[in-house]
There are 2 protein chains.
Amino acid sequence: MRTRAERAGEPETTVGTRERIVRTASRLMQRQGYDGTGIKQISQEAAATLGSVYHFFPGGKQELAVEAIRHGDREFAELLTGMLASAEDPAEAIEAAAHTLAGQLRQSDWVDGCPVTATALGTAARAPDIQRAAAEAFARWRGLVEAKLRAAGFAEGDAGDLAHTVISALEGAELAAQVSRDETPLRLAGAHLAQLIRAVRNTSS
Amino acid sequence: MRTRAERAGEPETTVGTRERIVRTASRLMQRQGYDGTGIKQISQEAAATLGSVYHFFPGGKQELAVEAIRHGDREFAELLTGMLASAEDPAEAIEAAAHTLAGQLRQSDWVDGCPVTATALGTAARAPDIQRAAAEAFARWRGLVEAKLRAAGFAEGDAGDLAHTVISALEGAELAAQVSRDETPLRLAGAHLAQLIRAVRNTSS
DNA sequence: GTCTATACCCCGATAGAC
DNA sequence: GTCTATCGGGGTATAGAC
């Protein structure tokens, strides 16, 4: 049951148990993956009992993973929205976003990558719910990039296509940066995506 | 101990136990990740006993994971070499590679993605050996792309930078295609990478 | 809603015969 | 090199008091 303050959307100093569990699950699965994260670990780090976890998530670990991915989805969507607003020119904004991601990744000692990839990878075959939630996250992020390009005057087809590649390249570059513990892939992806966006703009004008 | 035929590099109809274990581990971890794959499952599907696994890999699951990643590394390097040789123009070759990857991914019902990503993700913090093996794989693949670009006349710096983004974008697009069960991300990444390569060629000439 | 206790199973790893 | 048996621990999930 949600608290009154949560229903009203009011700010509160302490977070409800359910939200604490979701946030902890999202953070742990982002770093350790679905199978690498135990429900007991989640309950302990969230300062909740095992009974509370199954009270809020009777569907068990799978249901919790879906909520964790949705949480990461919203979280990254907010971050991306802010990054895209940092410059009017979409090429500049995307390049700035890549640099921001690189900085955050380095700051976490290369452990906090994409908040849905690690959870979704390896579970796709077993858990369609998790795969669907991850697909929705990617689609939402792509929609944000597409809107930014449309606002800058890109045609509908070009904007949608470019948004696909922007998200793919950022995902892959973050992955490569994590694996190699080096922000070079993200820096180069940002520069090349900016160049690509400008090239598409020139060909269609 | 390797068999005489293996030492001599001769073809043989049956594969040794050690190689069978490595191949099975590589395939299973590619689909299920490190924590999602059990040693017992590996030994069963490889038609080997648990004792044989620990005989060949006294370092246990971690040592086996490192060998599985190295196997996937070599395997994909061969595939990539073939794809890059499909056209003289690197832009055409990369786009063809993306289409080939899309076809293979679809053929596996979206489960056989990158052979090292799933294994490496989530274990980087715990197992430096695995992270290092994954980084070496990415570096090798990047080297192959860089050599292709250099052979086509690209300057050293441009070739290295582009190779980074080519690998990142292909990785990310394969990930996105897997998650969304749709080959669109790979198709678009191929087309955009070709466009980017041509744009860089024109700016430096 | 929260807590403890526990059922039940599979995990990685080892021992030692053959 | 191969095989079986087993150990100790942790996994998910449930039961039921409070």
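Per chain, numbering begins at 1; letters A, B, ... match sequence-line order. As a basis for the values below, the full set of heavy atoms in this structure was taken, side chains included, without hydrogen atoms, waters or symmetry mates.
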Legend entry - Listed nucleotide nearest any side-chain atom of A/F56, set D/dA5, C/dT2, D/dA13: C/dT2

Legend entry - Rounded interatomic separation in angstrom, taking CD1 from B/I42 and P from C/dC10: 17 Å

Inset, instruction - Let me know the distance between CG of B/L50 and P of C/dA15, rounded to the nearest Å. - result: 13 Å

Inset, instruction - Would you mind classifying the nucleic acid contact of A/G51 as base, sugar-phosphate or nothing, using non-hydrogen atoms under 4.0 angstrom? - result: base

Legend entry - A/E63 CD - D/dA13 P separation (whole Å): 11 Å

Legend entry - Check: B/S180 main-chain N/O paired with B/W110 side-chain donor or acceptor under 3.5 Å: no

Inset, instruction - Give a yes or no on whether the backbone of B/C114 and the side-chain of B/T117 come within a donor-acceptor separation of less than 3.5 Å. - result: no

Inset, instruction - For A/K148 and A/L84, indicate whether the former's side chain and the latter's backbone hold a donor-acceptor pair under 3.5 Å. - result: yes

Inset, instruction - Return no unless some side-chain N or O of B/T49 is found under 4.0 Å from OP1 or OP2 of D/dT2. - result: no

Legend entry - Nucleotide of D/dG11, C/dC3, C/dA13 approaching A/S52 most closely (side-chain heavy atoms): C/dC3

Inset, instruction - Specify the separation, in whole Å, of atom NE2 of A/H55 and atom P of D/dA17. - result: 18 Å

Legend entry - Euclidean distance, atom CZ of residue A/R18 to atom P of C/dT2 [Å, nearest integer]: 12 Å

Inset, instruction - Report the distance from atom CD of A/Q32 to atom C1' of D/dG11, rounded to the nearest whole Å. - result: 14 Å

Legend entry - First of A/Q41 and A/P58 reached from the 5' end of DNA chain D, by closest nucleotide: A/Q41

Legend entry - Side chain B/S168, main chain B/H164, donor-acceptor under 3.5 Å: yes

Inset, instruction - Would you indicate what A/T37 reaches in the nucleic acid, counting non-hydrogen atoms under 4.0 angstrom: base, sugar-phosphate, or nothing? - result: sugar-phosphate

Inset, instruction - Please state how far atom NZ in A/K61 lies from atom P in D/dG11, giving the value in whole angstrom units. - result: 9 Å

Inset, instruction - Check for a donor-acceptor pair, side chain of A/T123 on one end and backbone N or O of A/R126 on the other, with a separation under 3.5 Å. - result: no

Legend entry - Interatomic distance, A/K40 NZ vs C/dT6 C1' [rounded to whole Å]: 10 Å

